[in-house]
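In listed order, ligands and their atoms are each counted from 1. Heavy atoms only: backbone and side chains are in, while hydrogens, waters and symmetry mates are out.
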Amino acid sequence: MVHLPAADDVRIPDDPTGSAGGPDQDLALLKDVAAQMLGERDHMLGFPVNLDFDYRPLADFLHVHGNNVGTPDAESEYHLHTKTFERAVVSFFARLAGDPDAFGYVTTGGTEGNLFGCYLGRERFPDAVLYASRTTHYSLPKIARLLRMDYEAVEVGADGAMDLGALRGRHRAHPGRPAVVVATIGTTTGGAEDDLAGIRGALADAGTDEVHLHSDAAFGGLIAALAPEPRPWAFESGADSLAVSGHKMLGAPFPCGIVLARTDQVETIRRPGIAVGSDDDTITGSRDAFTPLLLWYELRRLGRTGLKRRVGHCLATAQYAERRLREEGLHPERAPGSNTVLFDAPPAAVCARWNLLTVGDRAHLIAMPHVTVEHIDRLCADLRS
Ligand SMILES: Cc1ncc(COP(=O)(O)O)c(C=O)c1O
């Protein structure tokens, strides 16, 4: 648990001259908060974030303003940017996703990636209905409101994945209208994966081939792609666009992500030359030039093989956790190939100590790269005492 200072201790004075403390005291206070947050690496078992990284060698970039304003694919009139690195990161993910020529950029996180995908779909098919499953991320109903799209939450099966019969039935109630569908690859609540090809088939059965299919692979994309037996998640399985998180399997000190889309489709939204001399084909105007450097640095270090090893570590740890929690009689369950284990929620104090998210009477353990079998053993020891 991180104990932040009281509001009075962090209030910003109108005039700092002569106020108590000064920069040294402020730095000491910040160092204390940082130490507490770093200490949580040892107890963070319940959230899909990776805490295993160190970007301090890139500290030089903390005293210059970089800005990747406009399209990632061309320079703007602002010359302090890192678009070459951004394109290298996008190219890595585009190859992984099965379309090396895909358009893409580094986002503020999964929500922006989903917004971009739905916006692109809505611009391609202005009268489309937006569909996502009932277990979709909470950003989707909000995105529907932002884009003023009719929204249908589709029922899920016992595995938490979108029920294709229900999708067919719901779309039949909108004859003649196109569809934007968000398929989740790795739901936040249990790791379920929607069937991309099945979604296209269900909509064809319901009478439409005007479909934009967005894969929300924020959580599960890298796992599906790099598991010992890879599973469908991207372009080759029928997606038109997809979002992957940067701070989950890869790791970053703040939320970030990557969005990809079919290059020809992005023409629909591109406004030439209006973003400080660059084309406007992203959601935000000014864009972060620092995050592409972090992602590039980590990807150069790990490569595809290192990421694959990392996914293997997470799945092995999840399997170990499932076994140990079964031995403790806590009825664990885990979707096939997922790193999320649901189990009977322990007392609130244990959940708080291990940052376990609870939904109803079940707790989530998510085996992210920093989580090891030692963490699981210590959690089980705690459960027993
Ligand atoms: C499946 C899924 N989609 C979208 C998001 C949203 O990502 P962000 O919090 O980076 O906006 C998350 C975050 O946990 C997620 O798990």
Side-chain angles (χ1 to χ4, degrees), residues 44-51 89 93 97 104-119 121 130-147 151 153-154 156 159-162 180-196 199 213-225 231-234 239 241-260 282-284 287-288 291-292 294-295 311 314 318 335 337-342 355-359 364-369:
M44 181 61 75
L45 298 192
F47 284 80
V49 293
N50 173 24
L51 299 181
V89 170
F93 280 97
Y105 70 95
V106 172
T107 63
T108 53
T111 299
E112 183 184 338
N114 289 342
L115 176 60
F116 180 90
C118 294
Y119 171 55
L130 177 58
Y131 298 93
S133 84
R134 285 198 189 282
T135 50
T136 197
H137 187 258
Y138 64 82
S139 58
L140 267 305
K142 176 172 59 187
I143 288 169
R145 292 194 298 277
L146 278 167
L147 297 176
Y151 180 70
V154 182
V156 295
D159 59 356
M162 187 183 288
V180 173
V181 187
V182 175
T184 309
I185 302 298
T187 56
T188 328
T189 46
E193 293 173 3
D194 291 338
D195 174 358
L196 291 159
I199 287 171
L213 182 52
H214 174 76
S215 169
D216 175 5
F219 181 20
L222 285 179
I223 300 175
R231 301 184 297 278
W233 71 288
S241 56
L242 60 94
V244 182
S245 206
H247 57 286
K248 294 195 168 89
M249 203 43 78
L250 208 46
F254 32 69
C256 57
I258 295 93
V259 69
L260 300 175
T282 61
I283 294 287
T284 63
R287 295 190 306 106
D288 177 3
T291 305
L294 305 188
L295 300 179
V311 168
C314 294
S338 164
N339 60 336
T340 301
V341 185
L342 303 182
N355 282 278
L356 297 173
L357 183 69
T358 55
V359 176
H364 290 63
L365 182 152
I366 309 185
M368 295 305 285

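The nearest protein atom to atom 2 (C) of ligand 1, hydrogens excluded, is given as Asp216 OD2, 3.5 Å; this is a heavy-atom distance. Remark: minimum distance from atom 9 (O) of ligand 1 to any protein heavy atom is reached at Thr111 OG1, 4.4 Å. The shortest contact between atom 13 (C) of ligand 1 and any protein heavy atom is with Lys248 NZ, 2.9 Å. Considering only non-hydrogen protein atoms, atom 8 (P) of ligand 1 sits nearest to Gly110 N, 3.5 Å.
At distances below 3.5 Å, at least one donor-acceptor pair connects side-chain atoms of Asp194 with backbone N or O atoms of Met162. Counting only distance, with no hydrogens or angles, the side chain of Thr107 and the backbone of Gly109 share a donor-acceptor pair below 3.5 Å. Remark: side-chain polar atoms of Arg231 are paired, donor with acceptor, to backbone N or O of Gly337 under 3.5 angstrom. Within the 3.5 Å criterion, the main-chain N or O of Ile283 finds a donor-acceptor partner in the side chain of Tyr105.
Within the 4.0 Å heavy-atom criterion, the part of Ala218 lying near ligand 1 is the side chain and not the backbone.
Within the listing of ligand 1, atoms 1 (C) sit less than 4.0 angstrom from a heavy atom of Gly186. Ligand 1 places these atoms under 4.0 Å from at least one heavy atom of Thr188: 1 (C), 2 (C), 14 (O), 15 (C), 16 (O). Interface of Gly109 with ligand 1, defined as ligand atoms under 4.0 Å from a residue heavy atom, comprises 10 (O). For ligand 1, the atoms lying closer than 4.0 Å to a non-hydrogen atom of Phe219 are 16 (O).
With distances taken over non-hydrogen atoms, the option nearest atom 12 (C) of ligand 1 out of His137, His247, Glu112 is His137.
The two atoms that bring Ala217 and Trp233 nearest to each other are CB-CE3, 3.7 Å, heavy atoms only. Annotation for Leu213 and Ala183: closest pair CD1-CB, 4.3 Å, computed over non-hydrogen atoms.
Using 4.0 Å as the threshold, Pro255 has no heavy atom nearer than that to any atom of ligand 1.
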Could you tabulate the donor-acceptor pairs under 3.5 Å formed by side-chain atoms of residues 244-252, not counting sequence neighbours?
from, atom 1, to, atom 2, distance (Å)
Ser245, OG, His247, ND1, 3.3
Ser245, OG, Lys248, NZ, 3.3
His247, ND1, Cys256, N, 3.2
His247, ND1, Cys256, O, 3.2

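Taking the side-chain contact (heavy atoms from CB on, under 4.5 Å) definition, one finds that Ala243 meets it with Asn114, His214, sequence neighbours left out.
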